[in-house]
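Here's the structure, in structure tokens; my notes come after.
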Amino acid sequence: MRHDFEYITFDCYGTLIDWETGIKPYREVLTEVTRAMAARLEWSLDPARAGFLAESVAQWAPFSDTNAALERLQRAGIKLGILSNIDDDLLERTLRHFTSSFDLLITAQQLRSYKPGHAHFLEAQKHLEGVRWLHAAQSYFHDVEPSVALDIPVAWVNRKHERASGAARPDAEVANLGGLADLLGAD
């Protein structure tokens, strides 16, 4: 893959942030879902517990390779951005975990749209017009497929070693962000 990218946008949760480790234990999630269903059935739910999942976002940590790889990419002169299916205030809480800064932040709250819809990518295209840009993400469905459909170069950060579930083929596939930095020749 060529190293002449001026910008890399990332999906945040699952690519940069290890949300699966950060999320509450599955037993607790199921308990909360059960409580939500109970409320739907007009059983009582303690309102203080209703926002537990959203509140946990601030505690979700980056993958161990995230900050070092982002720093390498920035040292190579590449600007960074995030395209995420999240609210602005929750992303703001997450940004404190990064040692690098992001020049572009596009969220579902801003657009009133969610990936795999194309709004995030089209908004990024407006901001990055004329800039050689790569999108990097873990989700094949939410990021690789729409990037390919819009002819946006995309690197699949295939942390889970999954098989492609469709016909879209990424321009590159790496196991982690360190592999992406290596591929782009970022020291």
Side-chain angles (χ1 to χ4, degrees), residues 1-22 57-86 88 90-107 110 115-116 118 120-164 168-187:
M1 176 172 270
R2 297 188 327 211
H3 174 315
D4 59 346
F5 292 107
E6 300 170 62
Y7 230 104
I8 300 176
T9 57
F10 296 91
D11 172 61
C12 190
Y13 304 94
T15 305
L16 304 175
I17 294 291
D18 183 0
W19 71 273
E20 289 179 345
T21 299
V57 171
Q59 309 311 315
W60 300 353
F63 287 99
S64 61
D65 65 313
T66 294
N67 282 320
L70 293 176
E71 289 171 13
R72 287 175 60 196
L73 293 167
Q74 279 192 320
R75 280 195 305 271
I78 299 172
K79 292 186 177 184
L80 309 175
I82 290 177
L83 311 182
S84 184
N85 283 347
I86 195 81
D88 293 336
L90 296 177
L91 180 58
E92 188 63 37
R93 293 178 193 175
T94 296
L95 292 175
R96 67 181 175 82
H97 294 290
F98 299 119
T99 56
S100 297
S101 60
F102 294 88
D103 299 289
L104 180 65
L105 301 171
I106 297 175
T107 66
Q110 294 165 15
K115 298 181 292 173
H118 292 177
H120 284 75
F121 305 98
L122 296 173
E123 186 68 16
Q125 281 180 324
K126 286 181 200 173
H127 288 278
L128 302 174
E129 188 174 343
V131 172
R132 180 113 168 96
W133 161 45
L134 173 72
H135 184 63
Q138 185 277 323
S139 177
Y140 181 87
F141 176 73
H142 292 95
D143 293 275
V144 173
E145 287 183 335
S147 293
V148 169
L150 293 169
D151 202 28
I152 296 167
V154 61
W156 186 16
V157 183
N158 192 357
R159 291 186 180 277
K160 298 179 179 184
H161 310 289
E162 298 173 320
R163 290 182 185 248
R169 294 294 169 249
D171 296 276
E173 182 177 336
V174 295
N176 55 47
L177 289 185
L180 179 64
D182 290 343
L183 183 66
L184 297 175
D187 295 325

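Worth saying up front: this structure is predicted, and the values here are computed from it rather than measured. Positions are given from 1, in the same order as the sequence printed here.
One finds the CG atom of N158 at 4.5 Å from the CD atom of E173 (value rounded to the nearest 0.5 Å). Between the CG atom of D88 and the OG1 atom of T107 there is a distance of 3.5 Å, given to the nearest 0.5 Å. Note that NZ of K115 and OG of S139 are 7.5 Å apart. Values are rounded to the nearest 0.5 Å. Here the CZ-OG1 distance, from F63 to T21, works out to 7.0 Å after rounding to the nearest 0.5 Å. Rounding to the nearest 0.5 Å places CG of L134 at 11.5 Å from CG of L128. Here the OG1 atom belonging to T66 is positioned 9.0 Å from the CZ atom belonging to F10, to the nearest 0.5 angstrom.
Heavy atoms only, all atoms of each residue included: A175 and H161 are closest at CB-CE1, 3.9 Å. Shortest non-hydrogen contact noted between G14 and W19 is N-CD1, 3.2 Å. Shortest non-hydrogen contact noted between R169 and A164 is NH1-CB, 3.2 Å. The minimum heavy-atom distance between Y7 and G81, with the atom names listed, is CE2-N, 3.9 Å. Residues P170 and A168 come closest through the heavy atom pair CD-O, 4.0 Å.
Between the side chains of S100 and E71, not a single donor N or O lies within less than 3.5 Å of an accepting N or O. Defined by atom type and a distance below 3.5 Å, a donor-acceptor pair is missing between the side-chain atoms of H142 and N85.
Between K79 and D103 there is no salt bridge, since no side-chain nitrogen of the basic residue lies less than 4.0 Å from a carboxylate oxygen of the acidic one. Classification of E20 and K160 as a salt-bridged pair holds, one side-chain N sitting under 4.0 Å from a carboxylate O.
With V148 as the fixed residue, the side-chain contact (heavy atoms from CB on, under 4.5 Å) test singles out one of I152, D151, V144: V144.
In this structure, H97 contributes its side chain and A58 its backbone to a donor-acceptor pair below 3.5 Å. Distance alone, capped at 3.5 Å, is enough to place a donor-acceptor pair between the E6 side chain and the R132 backbone. Judged purely by atom type and a 3.5 angstrom limit, S147 has no side-chain atom pairing as donor or acceptor with the backbone of V154. In terms of modelled atom types and a separation under 3.5 Å, the side chain of N67 and the main chain of T99 share a donor-acceptor contact. Side-chain atoms of R159 come within 3.5 Å of backbone atoms of T15 as a donor-acceptor pair (strictly under, hydrogens ignored).
Residues H120 and D143 are not in side-chain contact: their nearest non-hydrogen atoms beyond the backbone lie 4.5 Å or more apart. Contact of the Q74 side chain with the L80 side chain is registered, since non-hydrogen atoms from C-beta on lie closer than 4.5 Å.
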Please test D11 against Q138 for side chain to side chain contact (heavy atoms under 4.5 Å, CB included), starting from the C-alpha separation and ending with a verdict. CA-CA 7 Å; D11 172 61; Q138 185 277 323; 5.5 Å; no
C12 vs I86, test: side chain to side chain contact (heavy atoms under 4.5 Å, CB included). Steps then yes/no. CA-CA 9 Å; C12 190; I86 195 81; over 6 Å; no
For a side chain to side chain contact (heavy atoms under 4.5 Å, CB included) check, start with the C-alpha distance between I82 and T9, then their side-chain angles and the critical distance, and finish with the verdict. CA-CA 5 Å; I82 290 177; T9 57; over 6 Å; no
Just list the side-chain donor-acceptor pairs under 3.5 Å for residues 176-187, sequence neighbours left out, or say none.
{"from": "N176", "atom 1": "OD1", "to": "G178", "atom 2": "N", "distance (Å)": "3.1"}
{"from": "N176", "atom 1": "OD1", "to": "G179", "atom 2": "N", "distance (Å)": "2.7"}
{"from": "D182", "atom 1": "OD1", "to": "R72", "atom 2": "NH1", "distance (Å)": "3.2"}
{"from": "D182", "atom 1": "OD1", "to": "R72", "atom 2": "NH2", "distance (Å)": "2.7"}

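If you look at Y140 and W156, their ring centroids are closer than 6.0 Å.
Using the six-membered ring where Trp is involved, W60 and Y13 have ring planes that are perpendicular, over 60° apart on the 30 and 60° scheme.
The neighbour count for E162 CD, taken as heavy atoms of other residues, nucleotides or ligands under 6.0 Å away, is above 12.
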